[in-house]
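Worksheet: one structure, shown below.
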Protein chains: 2
Amino acid sequence: MTATPRDPVDAIAAQWAAVRPDLDTVPMTVYGRIYRISRAMGDRIEKEYKRFGISRGEFDVLATLRRSGEPYTLSPRQLSATTMLTTGGMTGRLDKLEKAGLLSRSPDPNDRRGLRVTLSEKGREIVDESVTAGLEMQHEVLDGVLDAAEAEQLNGLLRKLLSAH
Amino acid sequence: MTATPRDPVDAIAAQWAAVRPDLDTVPMTVYGRIYRISRAMGDRIEKEYKRFGISRGEFDVLATLRRSGEPYTLSPRQLSATTMLTTGGMTGRLDKLEKAGLLSRSPDPNDRRGLRVTLSEKGREIVDESVTAGLEMQHEVLDGVLDAAEAEQLNGLLRKLLSAH
DNA sequence: GAAAAGTAGCTTAGGAGTAAGCTACTTCTC
DNA sequence: GAGAAGTAGCTTACTCCTAAGCTACTTTTC
């Protein structure tokens, strides 16, 4: 007999324990929760950004430019490396964002192979508004279940775990 | 001046703090790490399952059937609900898995609208091998950076956080 | 300074997901 | 028990991603 499942992830682990008692299900519960939280927050943040007319992936591009500081200019190569996206995918995102007037492409004066991508004024406004809204939303969710000490503890453990990847 | 960044997520938070000192970046670091860990483990587990000829999504289907216990039979509807996939997506996955001989579809004797999806012997073998391999891999990663008490602490905090979603 | 190797960004083909809508069947309602 | 409403699974159209290969240009090597 297993303990009463406390959440859907525990329920899945209990099912496994019943049919495969030889398994150590702890790693599955840790990574299962991480996966579900990531996905749930992804959905919420997607909705939040949608209010500003951009997708999560588009936000990533704008945010990378914004936090690089003035003059808000990077190459497509730097952007695709930072956002963990292939260059093919980046071409498509830049096309959409350029068409929406949130950034512009111009030739790199020092390397005729390259381009420079620059955030427009409208792009800077939108990313500033959406990053604020997203952080506020995340803050509310966190505050609802963890106090400041717990959040710090969680962050420390996550930093350790991320270092293994 | 901010403290020396300890990982890429801290570096991003430090960049934001430099250009937008008004932001509270704590939620971003928590969810940023969760997102990156989820993605990194997703890539690793994908490779692990590939050794058995299946994708991560296909594993999810087989695993859901396997842990439901004998006779390893569920409806497409139950499968798409459990795996958080639309029915359209499930149709495609079942097509692939049926063609590979890992499961079979048969009419539901009690409801002529419905189907029953049943794990084949070959499917059961593959899911049993791959779940063992995946858990071992995850176990090694966890053991490399967290002791048992820390893992339990992390799991507790994650359970709390997941409950907010 | 010419050839070889490397790099930047784009294009194309293919995979896998969602959303909406379809047909067939079942359940509810009177 | 006939009509209305609901449900199961599939199909289609669309989106967005990756992987591989292209052209153009730069850097290294001899």
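We name chains A, B, ... by the order of the sequence lines, and we start the count at 1 in each one. Note that the structure is a prediction, hence the values are computed from the model and not measured.
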Checklist entry - For residues B:Arg66 and B:Tyr72, is any side-chain donor paired with an opposing acceptor at under 3.5 Å? => result yes
Which listed nucleotide ([options]) is nearest to the side chain of [X]?
| X | options | answer |
| --- | --- | --- |
| B:Arg93 | C:dT18, D:dC25, C:dG17 | C:dG17 |
| B:Thr91 | D:dC10, D:dT18, C:dA19 | D:dC10 |
| B:Leu85 | C:dG9, C:dG17, D:dT18 | C:dG17 |
| A:Arg112 | D:dC10, C:dT11, D:dT26 | D:dT26 |

Checklist entry - Looking for any heavy atom pair under 4.0 Å, which part of the strands does A:Arg116 touch: base, sugar-phosphate only, or nothing? => result nothing
Checklist entry - At under 4.0 Å between heavy atoms, what does B:Gly114 touch on the DNA or RNA strands: base, sugar-phosphate, or nothing? => result sugar-phosphate
What's the [atom1]-[atom2] distance between [X] and [N], to the nearest Å?
| X | N | atom1 | atom2 | result |
| --- | --- | --- | --- | --- |
| A:Asp95 | D:dC16 | CG | P | 12 Å |
| B:Arg56 | C:dG17 | CZ | P | 11 Å |
| B:Leu94 | D:dC10 | CG | P | 7 Å |
| A:Asp111 | C:dG6 | CG | C1' | 12 Å |
| A:Met90 | C:dT11 | CE | C1' | 17 Å |
| B:Ile54 | C:dA16 | CD1 | C1' | 16 Å |
| B:Met84 | C:dA16 | CE | P | 19 Å |
| B:Asp108 | D:dT7 | CG | P | 16 Å |

Next on the checklist: So, using side-chain contact (heavy atoms from CB on, under 4.5 Å) as the criterion, who are the partners of A:Thr132 when residues are at least two apart?
Outcome noted: A:Glu136, B:Arg20, B:Leu23
Item to check | Least distance between heavy atoms, B:Pro21 atom then B:Val19 atom | outcome: CD-C, 3.6 Å
Checklist entry - Could you give the distance from CE (B:Met90) to CG (B:Asp60), rounded to the nearest 0.5 Å? => result 8.5 Å
Next on the checklist: Can you tell me how far apart CD (B:Gln153) and CG (A:Leu157) are? Round to the nearest 0.5 Å.
Outcome noted: 5.5 Å
Next on the checklist: One pair to check against side-chain hydrogen bond (donor to acceptor under 3.5 Å, both in side chains): A:Thr82 and A:Thr64. What are the steps and the verdict?
Outcome noted: CA-CA 8 Å; A:Thr82 308; A:Thr64 304; 5.6 Å; no
Next on the checklist: Tell me whether A:Leu94 shares a hydrophobic cluster with A:Ile126, the cluster being built from Ile, Leu, Val, Met, Phe, Trp, Tyr side chains joined at under 4.5 Å.
Outcome noted: yes
Item to check | 5'-most by nearest nucleotide on DNA chain D - A:Glu58 or A:Asn110 | outcome: A:Glu58
Next on the checklist: Are there over 12 heavy-atom neighbours, none belonging to A:Glu125, within less than 6.0 Å of that residue's CD?
Outcome noted: yes
Item to check | Presence of donor-acceptor pair under 3.5 Å, side chain of A:Ser55 and base of D:dC16 | outcome: no
Checklist entry - Does the base of D:dT7 carry an N or O that pairs as donor and acceptor with the side chain of B:Arg113 under 3.5 Å? => result yes
Checklist entry - Between A:Lys96 and D:dT15, does any side-chain N or O lie under 4.0 Å from OP1 or OP2? => result no
Item to check | Contact list for DNA chain D against residues 73-82 of chain A - heavy-atom distance below 4.0 Å | outcome: none
Checklist outcome for this item: The answer to which of B:Gly92 and A:Arg105 contacts DNA chain C further toward the 5' end, by nearest nucleotide, is A:Arg105
